[in-house]
Participant: 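Sharing a structure, written as structure tokens. Questions coming.
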There are 2 protein chains.
Amino acid sequence: MEKKEFKEKVYSELAGLTKALANPYRLQIIDLLAQSSRTVEEIATQLDVSIANASQHLQTLKGAQLVSIQKEGHYVHYRLADEKVYLVWKSLRDLGIERFAQIERTLKDFREQKNSFQSISIDELIEKVRQENVVVLDVRPEKEYRAGHIPQALSVPMEHLSERIAALPKDKPVIVYCRGPFCVFADEAVEQLQKQGIKAWRLEEGFPDWKSRNLPFHMA
Amino acid sequence: MEKKEFKEKVYSELAGLTKALANPYRLQIIDLLAQSSRTVEEIATQLDVSIANASQHLQTLKGAQLVSIQKEGHYVHYRLADEKVYLVWKSLRDLGIERFAQIERTLKDFREQKNSFQSISIDELIEKVRQENVVVLDVRPEKEYRAGHIPQALSVPMEHLSERIAALPKDKPVIVYCRGPFCVFADEAVEQLQKQGIKAWRLEEGFPDWKSRNLPFHMA
DNA sequence: TAATTATTCAATAGAATTATTGAATAATTA
DNA sequence: TAATTATTCAATAATTCTATTGAATAATTA
């Protein structure tokens with residue numbers, strides 16, 4: 001094989017893979033599937049697009065081998081094909097956050113509005129948990145918690161938060177986490193907690209970031 | 001700002017960034033600029049495309065803030081805007097190599113043909129250098145060597161390799177590196193060295209990968 | 001000032017991508 | 001077997017992306 005032909009093959013393959021990622025809905029799908037597997041309908045609902053359209057995007061991702069499927073009854077469950085797919089999304093996300101005033105401003109504005117502008121890092125979380133002076137809340141839907149969560153975290157899905165605030169210890173601050181830096185559950189939870197007089201921060205990143213650092217996690 | 005509007009903004013920005021990368025020529029440009037800055041003409045020559053076309057691709061990358069420019073005389077020098085841009089490319093590349101039989105096969109075929117199928121990792125290189133029983137060759141163009149290279153490496157650009165083989169110690173094996181896993185210089189160098197009876201391997205990755213691991217490097 | 005050089009711009013035609021629509025498929029239940 | 005359900009497919013029009021061409025710009029040199 002000639003040099004040029006070789007290069008063309010390799011870079012075209014990789015550009016194809018990149019193209020499959022290059023769409024806002026498909027990036028959202030990657031972010032969702034990083035939490036837990038999902039059916040076509042669940043994804044369509046989350047993205048607020050038609051089922052046919054969600055299916056089309058999923059076909060694109062499957063064609064690029066970024067996601068894989070498992071059939072069960074007449075449901076098709078989609079999942080990420082590889083942990084490395086998440087790492088690509090993470091590196092894109094981190095580049096975006098660092099370089100684009102647009103994104104950083106958008107994030108900051110949103111959080112100020114929710115009073116959750118003080119966010120903490122995974123390292124800070126580890127340190128505070130070690131000192132046993134915080135409560136950690138996972139506010140994602142229960143299915144995602146079951147698919148994997150930070151060891152000491154309690155599952156309190158957003159829709160149950162208000163009724164369970166009373167049961168939280170008043171003397172310990174709370175750290176809330178959810179899907180990732182673009183997930184708003186944690187911001188809304190911090191807002192609610194602060195209104196009830198409980199000190200609360202959000203974790204900057206989400207559970208998949210914890211997992212991708214090879215930190216221990218629990219399932220079920 | 002509403003939740004939905006917020007999500008749309010953020011994911012659209014990131015999809016835009018991804019789209020700017022999603023083209024075989026533009027990925028090649030990223031790979032080249034990771035070695036050293038370049039003018040439009042140099043890039044056009046390397047990619048074997050027209051200057052206007054190269055300029056157009058560079059405009060796309062610049063629009064997405066993936067590269068930045070520095071004007072000098074009537075030359076425009078392009079460089080990567082951020083180390084994180086390389087990390088995105090690296091993660092895409094690693095996903096591609098791991099997941100696509102296509103790419104792996106293409107790489108393997110090419111290397112078998114060049115007798116350089118035995119490649120070594122950066123960790124193995126470090127260990128061998130520590131034991132002082134190898135010679136390390138950087139076979140990239142001199143400009144790229146000057147912009148940054150592995151500390152103990154000698155600069156032997158491909159076009160001077162044949163004339164400088166005689167001066168190499170016959171008793172030490174040689175490790176050759178170049179731009180990265182898709183760069184064929186190292187494969188061709190290994191082929192030439194083996195023909196002269198010198199034991200030689202290629203480094204699996206390239207100099208930018210060494211740098212991105214925050215290992216020490218020399219300049220000029 | 002005129003000529004040269006490196007780069008960018010603008011217009012264009014062909015190709016690819018997108019969301020929408022409605023029909024087709026395939027697994028389950030009545 | 002017929003009806004139901006989740007998903008996929010196929011066709012379409014609107015938009016976006018691409019390489020090419022030739023002209024425009026801006027920095028340098030004659």
Side-chain angles (χ1 to χ4, degrees), chain A residues 4 7-8 11-30 32-33 36-79 143, chain B residues 4 7-8 11-30 32-33 36-79 143:
Chain A
K4 197 179 169 187
K7 266 194 190 170
E8 270 173 16
Y11 286 94
S12 296
E13 282 282 343
L14 287 171
L17 183 142
T18 313
K19 255 180 202 148
L21 285 171
N23 171 283
Y25 290 118
R26 294 200 291 272
L27 289 179
Q28 262 194 80
I29 291 173
I30 299 294
L32 286 172
L33 295 185
S36 68
S37 66
R38 277 174 163 78
T39 65
V40 180
E41 203 194 355
E42 287 172 327
I43 287 172
T45 304
Q46 284 275 348
L47 304 196
D48 197 17
V49 300
S50 72
I51 288 185
N53 195 204
S55 173
Q56 224 171 6
H57 283 303
L58 286 163
Q59 294 303 310
T60 303
L61 290 170
K62 186 158 74 110
Q65 295 181 247
L66 294 168
V67 304
S68 60
I69 64 170
Q70 189 187 343
K71 292 190 180 179
E72 234 175 72
H74 38 211
Y75 290 91
V76 178
H77 296 266
Y78 280 84
R79 64 186 69 250
K143 185 189 174 187
Chain B
K4 198 179 166 182
K7 267 195 190 170
E8 268 173 17
Y11 286 93
S12 295
E13 282 283 344
L14 288 170
L17 181 143
T18 313
K19 257 183 200 143
L21 286 171
N23 173 281
Y25 291 117
R26 293 199 292 270
L27 288 179
Q28 263 194 83
I29 291 174
I30 299 294
L32 285 172
L33 295 185
S36 69
S37 66
R38 278 173 161 79
T39 65
V40 180
E41 202 193 356
E42 286 171 328
I43 286 172
T45 305
Q46 284 276 347
L47 305 197
D48 196 18
V49 300
S50 73
I51 288 185
N53 195 204
S55 172
Q56 225 172 5
H57 284 303
L58 286 163
Q59 294 303 310
T60 303
L61 290 170
K62 186 158 74 108
Q65 295 181 247
L66 294 168
V67 304
S68 61
I69 63 170
Q70 189 187 343
K71 293 189 178 179
E72 233 176 73
H74 39 208
Y75 291 92
V76 179
H77 296 265
Y78 280 84
R79 64 185 69 254
K143 185 188 174 189

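Order of the sequence lines sets the chain letters (A, B, ...), proteins ahead of strands, with each chain counted from 1.
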Participant: Output the rounded distance in Å from CG (A/Leu58) to C1' (D/dT7).
Facilitator: 10 Å
Participant: Starting the side chain at C-beta, find the nucleotide from C/dT28, C/dA19, D/dA19 nearest to A/Gln56.
Facilitator: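 Taking heavy atoms from C-beta onward, the closest nucleotide is C/dA19.
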Participant: Pick the closest DNA chain C nucleotide for A/Gly73 and for A/His57 by heavy atoms, then say which residue is nearer the 5' end.
Facilitator: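 The 5'-side residue here is A/His57.
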Participant: Between CD1 of A/Ile69 and CG of A/Leu58, what distance do you get to the nearest 0.5 Å?
Facilitator: 10.0 Å
Participant: Can you tell me how far the CD1 atom of A/Ile43 sits from the OG atom of A/Ser37, to the nearest 0.5 Å?
Facilitator: 9.0 Å
Participant: Give the rounded distance in Å between these two atoms: NZ of B/Lys62 and C1' of C/dT7.
Facilitator: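 Atom NZ in B/Lys62 sits about 11 Å away from atom C1' in C/dT7.
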Participant: Which listed nucleotide (D/dT7, C/dA19, C/dT18) is nearest to the side chain of A/Ile51?
Facilitator: D/dT7
Participant: Counting a pair only when it is Watson-Crick or G-U and both distances are under 3.5 Å, which runs of at least 3 such pairs involve DNA chain D?
Facilitator: C:1-30 with D:1-30
Participant: Can you tell me if the side-chain N/O atoms of A/Tyr75 get under 4.0 Å from OP1 or OP2 in C/dA26?
Facilitator: no
Participant: Hey, what do you get for OH (A/Tyr78) to CG (A/Leu32), rounding to the nearest 0.5 Å?
Facilitator: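 It is 14.5 Å, given to the nearest 0.5 Å.
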Participant: Between atom CG in B/Leu61 and atom P in D/dT18, what is the gap in whole Å?
Facilitator: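 It is 11 Å, rounded to the nearest whole Å.
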Participant: From the set D/dA19, D/dT8, C/dT28, return the single nucleotide nearest to any side-chain atom of A/Ala52.
Facilitator: D/dT8
Participant: How close do B/Ala44 and B/Ser50 get, counting heavy atoms only, and between which atoms?
Facilitator: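 Smallest heavy-atom distance, with atoms named: CB-O, 4.0 Å.
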Participant: If we ignore hydrogens and angles and just use 3.5 Å, is the side chain of B/Thr45 paired with the main-chain N or O of B/Glu41 as donor and acceptor?
Facilitator: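 Answer holds: yes.
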Participant: What's the CD-C1' distance between B/Gln28 and D/dT18, to the nearest Å?
Facilitator: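 Taking atom C1' of D/dT18 as the reference, CD of B/Gln28 is at 16 Å.
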Participant: Specify the separation, in whole Å, of atom CG of A/Asn23 and atom P of D/dT15.
Facilitator: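 A/Asn23 atom CG is separated from D/dT15 atom P by 17 Å.
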Participant: What distance do A/Lys143 atom NZ and A/Ser36 atom OG have between them, rounded to the nearest 0.5 Å?
Facilitator: 4.5 Å
Participant: Report the distance from atom CD of B/Gln70 to atom C1' of D/dA27, rounded to the nearest whole Å.
Facilitator: 16 Å
Participant: What's the separation between atom CG in B/Leu33 and atom CG in B/Leu66, rounded to the nearest 0.5 Å?
Facilitator: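 If we round to the nearest 0.5 Å, B/Leu33:CG and B/Leu66:CG are 10.5 Å apart.
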Participant: Ignoring the backbone of A/Arg26, work out which of C/dT18, D/dT8, C/dA19 is nearest its side chain.
Facilitator: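 Ranking C/dT18, D/dT8, C/dA19 by closest atom to the A/Arg26 side chain puts C/dT18 first.
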Participant: So what does B/His77 hit on the nucleic acid, given a heavy-atom distance under 4.0 Å: a base, only sugar-phosphate, or nothing?
Facilitator: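 Contact class for B/His77: none.
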Participant: What parts of residues 36-50 of chain B reach DNA chain C, counting only heavy atoms under 4.0 Å away?
Facilitator: B/Thr39, B/Val40, B/Glu41
Participant: Rounded to whole Å, please give me the gap between CD1 in B/Ile29 and P in D/dT18.
Facilitator: 11 Å
Participant: Would you please confirm or rule out a distance under 4.0 Å between OP1 or OP2 of C/dT7 and any side-chain N or O of B/Ser55?
Facilitator: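 So the side chain of B/Ser55 is outside the cut-off, no N or O lying under 4.0 Å from OP1 or OP2 of C/dT7.
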Participant: Any sub-3.5 Å donor-acceptor pair from A/Thr18's side-chain atoms to A/Leu14's backbone N or O?
Facilitator: yes
Participant: Whole angstroms only, please: what is the NE2-C1' distance between A/His74 and D/dA3?
Facilitator: 12 Å
Participant: In Å and rounded to the nearest 0.5 Å, what is the CD to CG distance from B/Gln28 to B/Asp48?
Facilitator: 10.0 Å
Participant: Under 4.0 Å from OP1 or OP2 of C/dT8: is there any side-chain N or O of B/Tyr78 that close?
Facilitator: yes
Participant: Could you tell me whether the phosphate oxygens of C/dT18, OP1 or OP2, come under 4.0 Å of any side-chain nitrogen or oxygen in A/Asn53?
Facilitator: no
Participant: Across the strands shown, which category fits B/Lys71 at heavy-atom distances under 4.0 angstrom: base, sugar-phosphate, nothing?
Facilitator: nothing
Participant: For A/Ala15, is there any backbone N or O sitting under 3.5 Å from a side-chain donor or acceptor partner on B/Arg26?
Facilitator: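 No, the answer is negative, given that no donor and acceptor are paired below the 3.5 Å cut-off.
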